[in-house]
Amino acid sequence: MPGVSSFRNTLSHAARGALAGLLAAFTALAVAELVAGLVRPAAGPVTVVGGAVIDRTPPAMKDFAIRTFGENDKTVLQLGILAILAVLAVALGLLALAHRRVGAAGVLLFGILGSAAAVSRPDSTGIGDVLPSIAGALAGACALYVLASKAQVEAVRVPGSVPAPGPAPARTRTDGADTGGWSRRGFLAAAGVTTVAAASAGALGRYFTRRQGRGAVASRESLVLPAPASPAPAVPAGVQLKVADVSPFTTPNADFYRVDTALTVPRVDAGTWRLRIHGKGVTRPRTYTLDQLLARPLIERDITLTCVSNEVGGPYIGTARWLGVPLAALLEEAGVRPPSKRGKADQLVARSVDGMTLGSPVEDVMDGRDAMLAVGMNGQPLPFDHGFPVRMLVPGLYGYVSACKWITDIELTTYDAYDPYWVKRKWARRAPIKTQSRIDTPKPFGRPAAGTVTIAGVAWAQHRGITRVDVRIDDGPWQDADLAPQATVDTWRQWSYRWNAAPGGHTITVRATDGTGTLQTEQRTRTIPDGASGWHSVFVTVP
Ligand SMILES: Nc1nc2c(c(=O)[nH]1)N[C@H]1C(S)=C(S)[C@@H](COP(=O)(O)O)O[C@H]1N2
Ligand SMILES: [Mo]
């Protein structure tokens, strides 16, 4: 059956090409990982290409990703990049079967792409950032060239022979015209060696990366937070309702939502960290160490943080007890005056170690609210995910215009002169938090038993406070919910409503009124450009 066997040979020939391509890609990534581990982990090709993709993703798509994959959005992105790479690697492998040099050159092209992404990242430290991509591409190109030649040798021999199953006959060694068995082993051996070498390089890279982060981990573990000069009052009794399934008043650090563009969470060594304050109207520019900040009088406050990407009823909100340096005092020392006092700068641009920029109104930061450079979160140094060693917080503003994590630079400028990261991507320049309320229990499509059902949830309008929450069942009248005490105007407020539930399907709707007397709008808007609005409702069936 020559037809069948030649088909099989073609197939296995193609399979070898595909495998060569995949192994070359694996080698390239592993070697890049190794070099990144030695040079700078954040310059690894997957991280820089992923970062470049994140920055170029249209806002609507980013919103879709956050909505669909939640905090797994970055894992999905990385898997997506790897999947695309795998397809391209197979294609290059097949190409290399016929044109080894062209295939290898293709791999090098990816090295150039990775290098370009690396040096164009906002946190790039210079031309050295191309090293991981270049080294990886060179290794990948070599691997593809060698593997493809091994596969080719066999391809040339195979058509003339119909290899018998089982051990290769001895003649393949002596008969120069047919080295099919030898070359198959040659290809498999080369593939095996490549796999082991690449896996070792990758593992070593991981090890070096972890070791680079060790200084940061140690600096966090040894950090002792000073006691606040102005402690937060004890959380008033009753702010936490005794209702199962309502969000806890204080969100534990481990449960606190995380939203950022960082593919690898920056691990900053507190010992070498610096914060620079400079720009328009700064008469005394200064650079602070962490110890210098910690030596200042600290404040401790309960503040609710919210993301502009939070949908109505969404999870991107949490409250923590933050410890930090009052930011207004620091700015005053630098000579900064708010626009209302004839200050020249109306925008404060905070920049993080990973190059993120966030812009806040100087007026809000200096109007007496508890804007701070936070160092502590619920009694602990900030977790790495939440900005260790220092992040900014401004009560009343969405995170993307105020809550810079891993902050390292504060520049006073104007809204006319500079658009920070999210504003360049069509989000609003100014974004005070919209008055919102959420039903935590019962859950959507829940089946509460007939009789008394406790409906409960949270409402928030940071820096204005919540004065009233109403609940409506189906199209009935609005009923006053019971409000837990308000901790401060900067925190969310729990509410509950006892409902006498009759069997059937019901829609529960909630709306809040803030401290200015403004009722939460019914008008549904998207999250872009300045936060979602509208009433949250939940449909339940009472059996
Ligand atoms: N460096 C940096 N800071 C950042 C962001 C970011 O992407 N990078 N995201 C901001 C956004 S959009 C929000 S909502 C808050 C979220 O803070 P959290 O992750 O601690 O909850 O951080 C803000 N600070
Ligand atoms: Mo956000």
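In listed order, ligands and their atoms are each counted from 1. Just so we're clear, the structure is a prediction, and the values are computed from it rather than from any experiment.
- In this structure, Asp482 has no side chain to side chain donor-acceptor pair (under 3.5 Å) partners at least two apart in sequence or on a different chain.
- Listed by chain and number, Phe256, Tyr257, Arg258, Val259, Asp260, Thr261, Leu305, Cys307, Ser352, Asp354, Met356, Leu358, His386, Arg391, Gly399, Tyr400, Ala403, Cys404, Lys405, Trp406 each place a non-hydrogen atom less than 4.0 angstrom from ligand 1.
- Of the candidates Thr491, Thr488, Thr306, Thr319, Gln462 forms a side chain to side chain donor-acceptor pair (under 3.5 Å) with just one, namely Thr306.
- With sequence neighbours excluded, the residues satisfying ring-ring contact (aromatic ring centres under 6.0 Å, His included) with Phe384 are Phe388.
- A side-chain donor from one of Arg464 and Thr435 sits under 3.5 Å from a side-chain acceptor of the other.
- Applying the ring-ring contact (aromatic ring centres under 6.0 Å, His included) test to Trp460 and every residue at least two apart in sequence or in another chain returns nothing.
- Classification of Asp514 and Arg468 as a salt-bridged pair fails, no side-chain N sitting under 4.0 Å from a carboxylate O.
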